[in-house]
Amino acid sequence: MGCFAKIAAQAGILAFLQFGRTITESKKEPIKLLKLLDIFSSLNKLRLDFNRLFGGAACVEIQNLTRDLIKRVIDGAAEIFWEIFVQVELQRQSPPPQDGSIPRLVSSITDYCNELLGDNYRPILSQVLVIHQSWKQKKFQEMILVNEVLKIIKAVDLNLETWVKAYGDATLSCVFAMNCHWHLYKHLKGTKLGELMGDSWLKEHEQYKEYYSAIFLRESWGKLPGHLSREGLILFSGGRATARDLVKKRLKTFNEAFDEMFKKQSVWVIPERDLREKTCQLIVQTVLPVYRSYMQTYGPLVEKDASSSKYAKYTVQGLEQMLLSLFLPRRERYGSFKGRPTGSKIDNGVDLRRTASAVA
């Protein structure tokens with residue numbers, strides 16, 4: 001056995017165990033928990049062989065290093081796991097994304113918890129926590145892993161509530177809330193974490209998404225059609241010139257409100273494609289029918305005017321294209337509209353102005 005111990009040491013078993021120890025001493029980050037669980041699983045599978053091969057007195061150094069490594073792995077994994085909840089709470093003090101997109105914490109923590117609850121890691125982590133609890137003379141709790149994950153996700157929910165209130169712009173806070181609630185519903189439905197949280201929790205996030213979507217639409221784009229009032233525009237009631245002046249005034253007000261809103265919201269982001277497309281379609285359905293009808297009826301009053309482009313500024317097609325380009329992640333945008341001169345063209349060559357001859 002003495003010869004065997006020397007051969008094993010020279011073959012690299014000591015260096016192998018030392019390598020494992022070095023990993024346990026590195027920075028304790030959440031992603032490292034999965035690596036530690038992998039190490040524990042491997043050591044656990046090798047346990048019987050280790051005991052059989054290195055059980056003698058001659059292999060005491062290998063035994064000590066192995067025990068030390070197992071202890072460090074279990075302590076390190078447990079420490080990281082219990083720290084997750086604390087880290088989520090600490091993030092609550094951070095400001096939410098300026099563009100209303102999904103905070104990295106929300107997506108990373110939910111994906112992470114899903115992995116921990118998966119068939120690969122859940123039994124290993126449960127075993128690690130049981131051993132760690134026994135070392136501390138604490139009573140084993142059957143639902144220890146599940147309860148901690150529930151705490152973590154509830155902390156994420158509380159973070160979202162806090163961040164929604166942190167925005168100075170109410171409509172941007174609605175976009176942020178839509179993004180986060182839809183992400184949680186869409187990406188957790190049918191997963192281990194989704195099953196743990198329950199259908200009512202998932203449904204609640206879906207309903208919150210609908211709620212904030214309705215508020216966003218009402219408080220932003222829903223106000224635009226009001227600028228295109230038909231009051232006092234019964235043609236010839238006060239003379240054609242009077243009607244033309246009213247149409248000009250209302251189109252100018254509409255254009256200014258549209259430009260301001262578009263400029264502000266063109267830097268906001270809705271990462272989920274289905275939510276982005278649905279939101280843009282709702283905006284189009286809110287603004288375009290009223291604009292189209294208004295221009296068909298009153299557009300001819302100003303189109304022949306020398307300054308027609310100042311008032312009949314957008315074609316219906318151009319307006320629709322602009323609205324459908326909103327909320328794109330930066331990598332998907334055609335190019336920023338910010339600072340674009342009035343009447344310029346977007347990259348595909350479609351003129352966004354309403355020309356004198358274009359009546360939709």
Side-chain angles (χ1 to χ4, degrees), residues 97-102 164 167-183 185-186 206-230 250-296 299 312-338 340 342 344-348 350-354 358 360:
Q98 292 183 352
D99 58 6
S101 58
I102 302 162
V164 165
Y167 285 100
D169 188 306
T171 51
L172 178 55
S173 74
C174 287
V175 170
F176 171 77
M178 286 161 50
N179 277 330
C180 294
H181 287 297
W182 183 242
H183 178 84
Y185 172 78
K186 178 181 177 182
E206 184 185 27
Q207 291 170 344
Y208 270 126
K209 185 270 292 183
E210 295 293 341
Y211 169 76
Y212 282 108
S213 177
I215 294 178
F216 164 74
L217 199 63
R218 186 186 71 213
E219 296 301 320
S220 56
W221 299 100
K223 294 182 177 181
L224 275 185
H227 295 301
L228 299 178
S229 169
R230 295 176 180 242
R250 287 167 187 174
L251 281 174
K252 182 182 179 184
T253 304
F254 172 87
N255 291 335
E256 288 173 350
F258 174 86
D259 290 342
E260 180 183 355
M261 203 172 299
F262 182 84
K263 181 181 179 181
K264 179 172 71 171
Q265 296 192 18
S266 63
V267 295
W268 298 354
V269 173
I270 299 179
E272 302 286 352
R273 183 176 178 179
D274 53 351
L275 179 60
R276 180 172 67 247
E277 290 180 351
K278 182 179 179 181
T279 302
C280 288
Q281 284 295 341
L282 287 173
I283 294 172
V284 167
Q285 291 164 18
T286 300
V287 176
L288 235 60
V290 176
Y291 185 75
R292 180 187 290 111
S293 175
Y294 198 83
M295 294 308 294
Q296 284 175 342
K313 187 176 178 182
Y314 297 109
T315 64
V316 172
Q317 180 188 12
L319 210 64
E320 181 178 19
Q321 188 168 8
M322 290 178 73
L323 292 174
L324 292 176
S325 73
L326 286 168
F327 313 123
L328 285 166
R330 286 178 178 79
R331 64 182 180 278
E332 297 180 32
R333 292 179 183 173
Y334 300 126
S336 176
F337 286 96
K338 189 175 181 180
R340 188 183 302 281
T342 301
S344 65
K345 297 181 179 182
I346 60 174
D347 294 356
N348 63 1
V350 177
D351 196 339
L352 301 181
R353 291 182 304 171
R354 180 182 181 85

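Everything numeric in this text was worked out from a predicted model, so none of it was measured. Side chains are part of it too, since the values below use all heavy atoms of this structure and drop only hydrogens, waters and symmetry mates.
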Calculate, to the nearest 0.5 Å, the distance between atoms [atom1] and [atom2] belonging to [X] and [Y] respectively.
| X | Y | atom1 | atom2 | value |
| --- | --- | --- | --- | --- |
| Leu288 | Leu319 | CG | CG | 5.5 Å |
| Ser266 | Asp99 | OG | CG | 11.5 Å |
| Leu172 | Trp268 | CG | CH2 | 4.5 Å |
| Tyr208 | Cys180 | OH | SG | 13.5 Å |
| Cys174 | Lys209 | SG | NZ | 13.5 Å |
| Tyr185 | Leu275 | OH | CG | 13.0 Å |

ask   = Excluding sequence neighbours, so at least two apart, what forms salt bridge (charged side-chain N to carboxylate O under 4.0 Å, His left out) with Lys186?
value =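 Per chain and number, Lys186 pairs via salt bridge (charged side-chain N to carboxylate O under 4.0 Å, His left out) with Glu272, Asp274.
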
Could you pull out all residues at least two apart from [X] that satisfy side chain to side chain donor-acceptor pair (under 3.5 Å)?
| X | answer |
| --- | --- |
| His227 | none |
| Glu320 | none |
| Thr286 | none |
| Lys264 | Asp169 |

key: Residues Glu256, Arg250: salt bridge by 4.0 Å N-O rule   =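 Between Arg250 and Glu256 there is no salt bridge, as every charged N stays at least 4.0 Å from the carboxylate O atoms.
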
query = Just by distance, do the side chain of Ser213 and the backbone of Glu210 share a donor-acceptor pair under 3.5 Å?
reply =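 No, because the side chain of Ser213 does not come within donor-acceptor range (under 3.5 Å) of the backbone of Glu210.
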
side-chain contact (heavy atoms from CB on, under 4.5 Å) with [X]: which residues, sequence neighbours excluded?
| X | answer |
| --- | --- |
| Gln98 | none |
| Glu277 | Arg273 |
| Gln285 | Gln281, Leu282 |

Counting C-beta onward and ignoring hydrogens, is there a side-chain heavy-atom pair between [X] and [Y] closer than 4.5 Å?
| X | Y | answer |
| --- | --- | --- |
| Cys280 | Leu323 | no |
| Leu251 | Lys313 | no |
| Tyr211 | His181 | no |

ask   = Yes or no on ring pair (Phe, Tyr, Trp, His ring centres under 6.0 Å) for Tyr314 and Phe258, after CA distance, side-chain angles and deciding distance?
value = CA-CA 11 Å; Tyr314 297 109; Phe258 174 86; 5.3 Å; yes

ask   = Would Phe254 and Tyr294 count as a ring pair (Phe, Tyr, Trp, His ring centres under 6.0 Å) if you check the C-alpha gap in whole Å, the side-chain angles of each, and the deciding distance to 0.1 Å?
value = CA-CA 11 Å; Phe254 172 87; Tyr294 198 83; 8.4 Å; no

ask   = Stepwise, does the side chain to side chain contact (heavy atoms under 4.5 Å, CB included) test hold for Ile270 with Phe176?
value = CA-CA 8 Å; Ile270 299 179; Phe176 171 77; over 6 Å; no

List the atom pairs, donor and acceptor, that lie under 3.5 Å between side-chain atoms in residues 214-224 and the rest of the protein, sequence neighbours left out.
residue	atom	partner	partner atom	Å
Ser220	OG	Phe216	O	2.5
Trp221	NE1	Gln265	OE1	2.8

ask   = Do Tyr212 and Asn179 meet the criterion of a side-chain donor-acceptor pair at a distance under 3.5 Å?
value =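 Side-chain D/A pair, Tyr212 to Asn179: absent.
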
inquiry  = Please give me the minimum heavy-atom distance between Ser101 and Pro271, naming the atom from each residue.
reply    =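 Heavy atoms only, the tightest pair is CB-CG, 4.2 Å.
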
